[in-house]
Amino acid sequence: MELKSNVPEGPLEKKWDNYRFSSKLVNPANRRKFSIIIVGTGLAGGAAAATLAEQGYQVKSFCIQDTPRRAHSIAAQGGINAAKNYQNDGDSIFRLFYDTIKGGDFRSREANVYRLAQVSNEIIDQCVAQGVPFAREYGGTLANRSFGGAQVSRTFYARGQTGQQLLLGAYSALSRQIKAGRVTMYTRREMMDVVVVDGRARGITVRNIITGEIESHAADLVILGTGGYGNVYFLSTNAMASNVTAAVRAYKKGAGFANPCYVQIHPTCIPVHGDFQSKLTLMSESLRNDGRVWVPKKKGETRKAADIPENERDYYLENKYPSFGNLVPRDVASRNAKEKCDEGQGVGPTGLAVYLDFAEAIQRDGADVIFRKYGNLFQMYQKIVNVDPMKEPMMIYPAVHYTMGGLWVDYNLMTTIPGLFAIGECNFSDHGANRLGASALMQGLADGYFVIAACVANYLGTNKFAKVDETNEAFLSSRREVEDRLQKLLKNSTGGSAGKCTVDEIHKELGKLMWDYCGMARNKEGLEHALKELPGIRQKFWDKVYIPGSTKDINQSLERAGRVADFIDFAEIVVRDALARGESCGCHLREESQTEENEALRDDANYSHVAVWEYTGEGSEPKLNIEPLTFENVTPSQRSYK
Amino acid sequence: MSEINLTLKIWRQPNAEAEGKVETYSVENISTDSSFLEMLDVLNEKLTHEGVDPVAFDHDCREGICGMCGAVVNGVAHGPEKETTLCQLHMRHFKNGDTIVIEPFRSRAFPIYKDLMIDRSAFDRIIQAGGYTNVNTGGTPDANSVRISSQQLELAMDAAACIGCGACVASCPNGSAMLFTSAKVSQLALLPQGQVERKERAQAMVQCMDGEGFGHCTNTKECEAVCPKGISISNIARLNREFLKGIFTGRDD
Ligand SMILES: Cc1cc2nc3c(=O)[nH]c(=O)nc-3n(C[C@H](O)[C@H](O)[C@H](O)COP(=O)(O)OP(=O)(O)OC[C@H]3O[C@@H](n4cnc5c(N)ncnc54)[C@H](O)[C@@H]3O)c2cc1C
Ligand code: FES
């Protein structure tokens, strides 16, 4: 597998300009001759579909939900970063770039991250022009808040519903193009395969979720904006339909998968409280602007939070990291919470929780001010837990949240399959080993609104395209494969359900294994154990899973089964990657590699690279390829937030 | 936390063409900390083990924001709790031994696909008719170039909070989509960015809404009562004003 990053020449600040200047363009009149498939209507896919259609390409857009407006991006709460420096507090493009590279623990590609910071400001302008109601100051200018890992205030937000408002902005732009006839929208479709013709991605095979029909769709290129794979852990903050199927199908057709072990575990989520639980709920990081994190000093404390006097409380983040305090990056906050709970200082019925306390902020700013800032989050918390955070501290615990790993892409956002692009959370490109808060929305929209169009034009302008349609043998064989696989999933369904298991039972088993051995802290022994257990789970799935109904109908069990089968296969490369990366970096903590203060200890001499996994066939071990990382503009240092 | 046992009466309909009917099931040991959808998960796991087709229902975020979930619970869209989506309704609001009747959102404009799953694509078409500003990507002015008072902004945000779940339509005796449509029209009418198309927007969206088979608004306020996001019917008054302005001042002035 050849991994050419194709980073343009020139100084860092000039690369994106140089790229755009030297790229091929497609004349506006010719654009309508090209067709583009975009899978996913989240911030990345939705923005890309709208933008490419505006430019004149013929776009086909696909999503699983009943409407593009419901993509998982809708749930993002806290905000989106940009280097506007509206607060005049010392922000700049270089600082946003630097914070992102450092936050990612020096495991991302400089040029991509710099481009992200460069286009960030345009995103805010674009969204405001669409009517996105970002919060404003009394004087009418845009408001900002702070997020972890930054000492400037650069996060734009719309109450606690920033993702919703940004996605509705992209959705409205997309709707306008659907109306104009430039986008054909296919909802309730699940992509099951990418179709490669003469070495290039030329289409996809999808299942129509309503009719069960298998459909082929051809185009000149394919863009995946299919989101992250956090649900490999079963419990995560991701939406229920978030899956890795599209990415795994691409991987099996030759796309390299980068850094699958980089999984972000978010420090502020509502703790697990029962085995009926289907998902975990995030409480936005923005709460750490005013909430103070603490645990009782005494192990096994039984008093209520309010009864524990100040001097018996351990504000461990403020004490340990005086300059960032409660706003340390997520990986640091999560690890410290786990450590405190492991030491027996955790609170709540399971002991797996810490307090996030607003009492001081309420006293300082008044209940009104705090409620205005966080009211909807407090209400959400109260609905779920039945406790009012205005009166008692919240209880929080880390949960799987975001995946930095993803399909490997070069500077063109193209995977190792020519003509197959990946944008948003589904690629690996910008966040290294840890993503800073409010930077995923930024990346999704940067890719979708501002980066992908130049890359697409360059690709279309430099290649010749033979006419390919859905009758091509590659499409037919892909359909057969998809149909066979569906039949295989249903093979246990004859002879009744006795002695068989449900899809969720196996998904939970997989999730538990991954959380226990490939979660917040990892070690060689545990990872090897997980690797040994995975084939058993796979076997059990194929031998025992019982799926009622048929393929020719709405069948939600069948949909989930297909996704879980891919999660099981994919889990293997997550674990292998975690095992192969013998250092700690960002969210990937190998217990063998820590500083004396239990911080992640990188090993730049051996691991300053992107790990890219290559599929080598069913039953054969995947191959590890490496893209070395070079730093010309920053000097990798041991991160310190003290 | 405690556990409760329930009797469920659920609308079962295998597909759009088939006749549906209510089936009765029981579920035991439901944690009162679980959500309504988690309770349905428990039922579906049980049905699967019994070899029975599980109940199809739409859901995704389970955080009350995507608008995908929804059913009529004991006669009320999204169930008994105010400003709460079905996924955020928790079982502590029910008692041991309760019987719960669960039906799909019903409306002429929302055909049933299967069980509790419905087709709400008419909402997308209403937005396509005009729920946007006509700006392309790129070349937009600096975000701070126009100031917007925080008060005005908050009003726009109140309207923009709509999740498009369809509860308003399902609970309206006329099956009207006025609350949904007015929320989008209001958001854009309240913001300087939405002014350029202001007159055509209300006209186009209302026309589309009528064409999709939604009924007329007769001010019964049922929509506001069930809206999980607390969208106010004052938006409907605003839509009516926008609509009339469009008629009286014509399309191009
Ligand atoms: C609770 C929560 C809060 C968050 N808050 C923030 C925040 O405040 N700030 C921030 O920057 N980030 C936040 N994030 C992260 C951020 O929301 C996501 O990383 C981002 O929205 C991902 O966008 P996306 O466009 O890449 O993918 P998604 O929004 O996940 O969209 C994926 C799309 O792909 C489609 N799809 C997937 N698989 C298939 C398939 N096989 N076939 C067809 N279609 C498919 C789906 O239907 C969907 O349309 C948050 C995440 C969570 C979970
Ligand atoms: S599942 Fe998203 S609102 Fe209920």
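All values below come from the heavy atoms of this structure, side chains included, with hydrogens, waters and symmetry mates left out. Proteins come first, then strands; the chains are lettered A, B, ... in the order of their sequence lines, and each starts at number 1.
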> Given a strict heavy-atom distance threshold of 4.5 Å, which part of B:M39 is in contact with chain A: side chain, backbone, both, or neither?
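Neither part; nothing is under 4.5 Å.
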> Indicate yes or no: at least one non-hydrogen side-chain atom of B:Q187 is less than 4.5 angstrom from one of A:P133.
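Counting from C-beta outward, B:Q187 and A:P133 do come under 4.5 Å.
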> Counting heavy-atom pairs under 4.5 Å to chain B, which of A:Q177, A:E137, A:Q379 comes out on top?
A:E137
> Quick check on B:T84 against chain A: is it the side chain, the backbone, both or neither that has a heavy atom closer than 4.5 Å?
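Both backbone and side chain.
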> Which residue out of A:Y138, A:Y171, A:Y449, A:F156 racks up the most heavy-atom pairs below 4.5 Å with chain B?
A:Y171
> Using heavy-atom distances under 4.5 Å, tell me whether A:A47 contacts chain B through its side chain, its backbone, both, or neither.
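When you check distances to chain B, no heavy atom of A:A47 falls under 4.5 Å.
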> Set out, in order, the CA-CA distance, both residues' side-chain angles and the distance that settles side chain to side chain contact (heavy atoms under 4.5 Å, CB included) for B:Y113 and A:I210, then state yes or no.
CA-CA 8 Å; B:Y113 278 133; A:I210 300 296; 3.7 Å; yes
> Go through it in stages, so that I can follow the logic: the residues are B:E63 and A:K279, the test is side chain to side chain contact (heavy atoms under 4.5 Å, CB included), and I'd like the CA-CA distance, side-chain angles, deciding distance and then a yes or no.
CA-CA 9 Å; B:E63 289 190 5; A:K279 76 159 289 179; 3.0 Å; yes
> Between chain B and each of A:I384, A:T67, A:D504, count heavy-atom pairs under 4.5 Å; write down the option with the most.
A:I384
> Kindly determine whether A:K500 and B:H49 satisfy side chain to side chain contact (heavy atoms under 4.5 Å, CB included), including the steps that lead there.
CA-CA 8 Å; A:K500 297 181 185 155; B:H49 276 296; over 6 Å; no
> How many angstroms lie between CG in A:D66 and CZ in B:F123, if you round to the nearest 0.5 Å?
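Those atoms lie 10.5 Å apart.
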> Under a 4.5 Å heavy-atom cut-off, does chain A meet the side chain of B:I148, its backbone, both or neither?
both
> So, A:Q556 and B:H59: side-chain donor and acceptor under 3.5 Å apart, yes or no?
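No, no side-chain donor-acceptor pair sits under 3.5 Å.
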> Would you compute the distance between atom OG of B:S35 and atom NZ of A:K383 and round it to the nearest 0.5 angstrom?
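If we round to the nearest 0.5 Å, B:S35:OG and A:K383:NZ are 13.0 Å apart.
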> Drop me the distance from A:Q164's CD to B:I163's CD1, to the nearest 0.5 angstrom.
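One finds 8.0 Å between CD of A:Q164 and CD1 of B:I163.
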> Chain B heavy atoms under 4.5 Å from A:Q77: which part of the residue, side chain, backbone, both or neither?
side chain
> Say you draw a straight line from OG1 of B:T133 to CZ of A:R176; how long is it, rounded to the nearest 0.5 Å?
7.0 Å
> So, A:Q126 side chain and B:G138 main chain: donor-acceptor pair closer than 3.5 Å or not?
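Yes, because the side chain of A:Q126 sits within donor-acceptor range (under 3.5 Å) of the backbone of B:G138.
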> Would you say the side-chain atoms of B:T137 and A:E54 include a donor-acceptor pair closer than 3.5 Å?
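A pair is found: one side chain offers a donor N or O, the other an acceptor, under 3.5 Å apart.
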> Could you tell me whether A:R70 and B:D58 have a side-chain N and a carboxylate O separated by less than 4.0 Å?
no
> Examine whether an atom of B:D41 lies under 4.5 Å from a heavy atom of chain A, and if so say whether it belongs to the side chain, the backbone or both; otherwise answer neither.
side chain
> Please determine whether a side-chain nitrogen of the Lys or Arg among B:D124 and A:K179 lies less than 4.0 Å from a carboxylate oxygen of the Asp or Glu.
no
> Can you tell me which portion of A:S557 sits under 4.5 Å from chain B's heavy atoms? Options are side chain, backbone, both or neither.
side chain
> If you round to the nearest 0.5 Å, how far is CE of A:M240 from SG of B:C87?
10.5 Å
> List for me each residue that meets salt bridge (Lys or Arg N to Asp or Glu O under 4.0 Å) alongside B:E81, sequence neighbours excluded, and say none if there are none.
none
> With a 4.5 angstrom heavy-atom cut-off, which part of B:E154 approaches chain A: side chain, backbone, both or neither?
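B:E154 touches chain A through backbone and side-chain heavy atoms alike.
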> Checking B:D115 against chain A: side chain, backbone, both or neither under 4.5 Å from a heavy atom?
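Contact with chain A involves no heavy atom of B:D115 at all.
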> Using heavy-atom distances under 4.5 Å, tell me whether A:I178 contacts chain B through its side chain, its backbone, both, or neither.
side chain
> Is it the case that the side chains of B:E38 and A:S278 hold a donor-acceptor pair, with the cut-off being a distance below 3.5 Å and no angle test?
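Side chains of A:S278 and B:E38: pair found under 3.5 Å.
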> For residues 136-152 of chain B, which residue pairs pass the salt bridge (charged side-chain N to carboxylate O under 4.0 Å, His left out) check, not counting sequence neighbours?
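Of all non-adjacent pairs touching residues 136-152 of chain B, those that pass salt bridge (charged side-chain N to carboxylate O under 4.0 Å, His left out) are A:K84-B:D142.
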> Take a 6.0 Å sphere around CD of B:E3 and say whether it holds more than 12 heavy atoms from other residues, nucleotides or ligands.
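Enclosed: over 12 neighbouring heavy atoms sit under 6.0 Å from CD of B:E3.
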> Between A:Y546 and B:T48, does a side chain to side chain contact (heavy atoms under 4.5 Å, CB included) hold up when you go through it step by step?
CA-CA 8 Å; A:Y546 174 76; B:T48 304; 3.8 Å; yes
> With the side chain counted from C-beta on, respond yes when B:Q193 and A:Q130 share a heavy-atom pair under 4.5 Å apart, and no when they do not.
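Heavy-atom side-chain distance check fails, nothing below 4.5 Å.
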> Is it the backbone or the side chain of A:N386 that comes under 4.5 Å from a heavy atom of chain B, or both, or neither?
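Both parts, backbone and side chain.
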> Drop me the distance from B:N144's CG to A:D125's CG, to the nearest 0.5 angstrom.
9.0 Å
> Side chain from CB out, backbone as N, CA, C, O: work out which of these in B:A161 comes under 4.5 Å of a heavy atom of chain A, or both, or neither.
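For B:A161, heavy atoms of backbone and side chain both lie under 4.5 Å from chain A.
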